[in-house]
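Basis for what follows: all heavy atoms, side chains included, without hydrogens, waters or symmetry-related copies. Note that ligands are numbered from 1 as they come in the structure, with each ligand's atoms numbered from 1 the same way. If you read the sequence from its start, that first residue is 1, and numbering goes on from there.
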Amino acid sequence: MADESRKWVLMVTAQTPTNIAVIKYWGKRDEKLILPVNDSISVTLDPAHLCTTTTVSVSPTFDQDRMWLNGEEISISGGRFQSCLREIRSRATDVDDKEKGIKITKKDWENLHVHISSYNNFPTAAGLASSAAGFACLVFALGKLMNVKEDYSQLSAIARQGSGSACRSLYGGFVKWIMGKDEKGTDSLAVQVADEKHWDELVIVIAVVSSRQKETSSTTGMRDTVETSLLLQHRAKEIVPKRILKMEEAIKNRDFASFAQLTCTDSNQFHADLCFRIISLVEKWNKAEGTPQVAYTFDAGPNAVLIARNRKTAALLVQKLLFCFPPNSDADLNSFVLGDKSILKDAGVESPEDIETLPPPPEIKDPSQKFRGDVSYFICTRPGRGPVVLSDESHLLNPETGLPK
Ligand code: DP6
């Protein structure tokens, strides 16, 4: 090992996107290894608007593995963290950093401890797949630090053991999680269906209903469903395999009509009133146009994810949404619409007053009925890239001490 008397700290910072499933992962065949009952497909969201940044560091002076999330120290003694750490450590190889004069051998890694600091640029557990971006970033960053030679699909199988949907955050664009057959889960991993440039016309608008913690976590929600539902088995065996094939075709051909139809049909977890109002608006609009303009999808929480076929449609969508779900009167537009704000300009909305003069969408029965304040904020985004390593300036840990800055 490098000279232990020297108090060196080696670190890597990475950024990893979140993803939203368009064919859902719902149901596990193995809870510990996190093996699903069906394949799933997701769109990776642009990390400029939604991502996790994680710094991982190693030093002979660290006496235990420690982690901070959004600045607060958290316990990593849980099985999911431990699985990820164990799996990635077992694949560590020699590191020879000539510039810093640090040498670590494969064997050294067994006894070295790591410090991890992670930061989400969006509310944790708002139902926006923060665990997906988080575990993907943890595994990706540790892989870089420990000079792990495995390819991204192999890394995805490790991230999967942190949170199922995390395996899909190892790639940009459109990603398939292959459920696999192996009991040990070696073949349950993610592959890229198409990169983020393949279909870059799509605009994604997320309506965040509440940044409170999700009422039922997807883990318990899924467990309940597996135990109670024969329908779920039918879904996994008969329905999803066909949908996956069709969805891959739709993505490859940029066939929005099929993409929208499959996405909306597969999204069946709604709890809130707001979901029904959004679904009804989108369905009426799509019907009136004769061909889908927008697809909707919901995860475990009530947040709606809307995918518009192009920017023009997205501008119309934003107008309709702002009409129906305006902000509370004291909200400023800058904190009500986040992400790619240029969409607002396309929608002709540059101040809160502009929202009040928007024309009522023809899809709405009673234009006097508005749901002010029901949406906390909107995030406008697009399909985005996969994980990247960031420069030294982005480190979240102090390079001298390895403690949060
Ligand atoms: C509804 O990956 O959060 O978002 O594997 O138990 O950590 P665990 O669950 P998680 O489940 C996400 C389920 C979903 C659908 C999806 O992303 O495919």
Side-chain angles (χ1 to χ4, degrees), residues 16-45 50 52 76 78-84 120 122-139 156-171 174-180 185 188-191 193 204 206 208-209 213-227 229 232 235-236 239-240 243-244 247 262-272 275 295-305 307:
T16 302
T18 60
N19 68 78
I20 176 76
V22 289
I23 303 292
K24 306 286 182 194
Y25 146 53
W26 200 250
K28 296 183 181 70
R29 62 180 202 275
D30 185 316
E31 287 241 359
K32 188 148 178 289
L33 289 168
I34 312 196
L35 299 175
V37 293
N38 57 259
D39 293 354
S40 55
I41 293 183
S42 58
V43 184
T44 298
L45 305 180
L50 293 152
T52 296
I76 50 172
R80 289 169 171 227
F81 277 109
Q82 290 304 315
S83 299
C84 289
N120 295 327
F122 58 93
T124 304
L128 292 173
S130 58
S131 64
F135 278 106
C137 207
L138 175 71
V139 168
S156 83
I158 302 177
R160 188 203 75 228
Q161 298 174 54
S163 185
S165 52
C167 73
R168 298 185 311 237
S169 273
L170 261 303
Y171 290 101
F174 299 83
V175 185
K176 174 160 82 160
W177 172 10
I178 301 170
M179 64 179 284
S188 185
L189 41 77
V191 294
V193 175
I204 300 163
I206 306 169
V208 178
V209 174
Q213 300 274 325
K214 280 192 274 180
E215 273 164 34
T216 333
S217 77
S218 8
T219 311
T220 24
M222 258 183 237
R223 199 178 293 142
D224 293 349
T225 335
V226 177
E227 278 161 12
S229 166
L232 189 90
R235 168 184 154 81
I239 313 269
V240 177
R243 257 181 215 162
I244 289 277
M247 182 56 97
L262 291 161
T263 300
C264 300
T265 322
D266 203 71
S267 168
N268 52 7
Q269 314 284 332
F270 8 97
H271 305 295
C275 308
Y296 56 77
T297 182
F298 297 84
D299 278 346
N303 297 332
V305 177
I307 309 177

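If you check the side chains of R168 and S156, you find no donor sitting under 3.5 Å from an acceptor. There is no side-chain donor-acceptor pair under 3.5 Å between T44 and N19. No side-chain donor from either of S42 and K176 sits under 3.5 Å from a side-chain acceptor of the other.
S163 is linked by a side chain to side chain donor-acceptor pair (under 3.5 Å) to S131, counting only residues two or more places apart in sequence or in another chain. Every residue meeting the side chain to side chain contact (heavy atoms under 4.5 Å, CB included) condition with A304, not counting sequence neighbours, appears here in chain and number order: A207, I278, F298.
Taking the side chain as every heavy atom from C-beta outward, S169 and T16 approach each other to under 4.5 Å.
Heavy-atom contacts of I34 reach the following atoms of ligand 1: 5 (O) (cutoff under 4.0 Å). With ligand atoms numbered from 1 in the order given, ligand 1 contributes 5 (O), 6 (O), 8 (P) to contacts under 4.0 Å with heavy atoms of K28. Per-residue contacts place A21 under 4.0 angstrom from the following atoms of ligand 1 (heavy atoms of the residue considered): 16 (C), 17 (O), 18 (O). Annotation for ligand 1: atoms under 4.0 Å from non-hydrogen atoms of R168 are 16 (C), 17 (O), 18 (O). Residue G164 approaches ligand 1 through these ligand atoms, each under 4.0 Å from one of its heavy atoms: 2 (O), 5 (O), 7 (O), 8 (P).
Electrostatic pairing of D266 and R235 counts as a salt bridge here, judged by a charged N lying under 4.0 Å from a carboxylate O.
Annotation: N19 places no N or O atom under 3.5 Å from an N or O atom of ligand 1; distance criterion only. Considering both main-chain and side-chain atoms, S40 never comes within under 3.5 Å of ligand 1 through any nitrogen or oxygen pair. For K24, no nitrogen or oxygen atom sits less than 3.5 Å from a nitrogen or oxygen atom of ligand 1, counting backbone and side chain alike. Taking only nitrogen or oxygen atoms, main chain and side chain alike, R80 reaches within less than 3.5 Å of ligand 1.
The backbone and the side chain of S165 each have at least one atom closer than 4.0 Å to an atom of ligand 1 (non-hydrogen atoms only).
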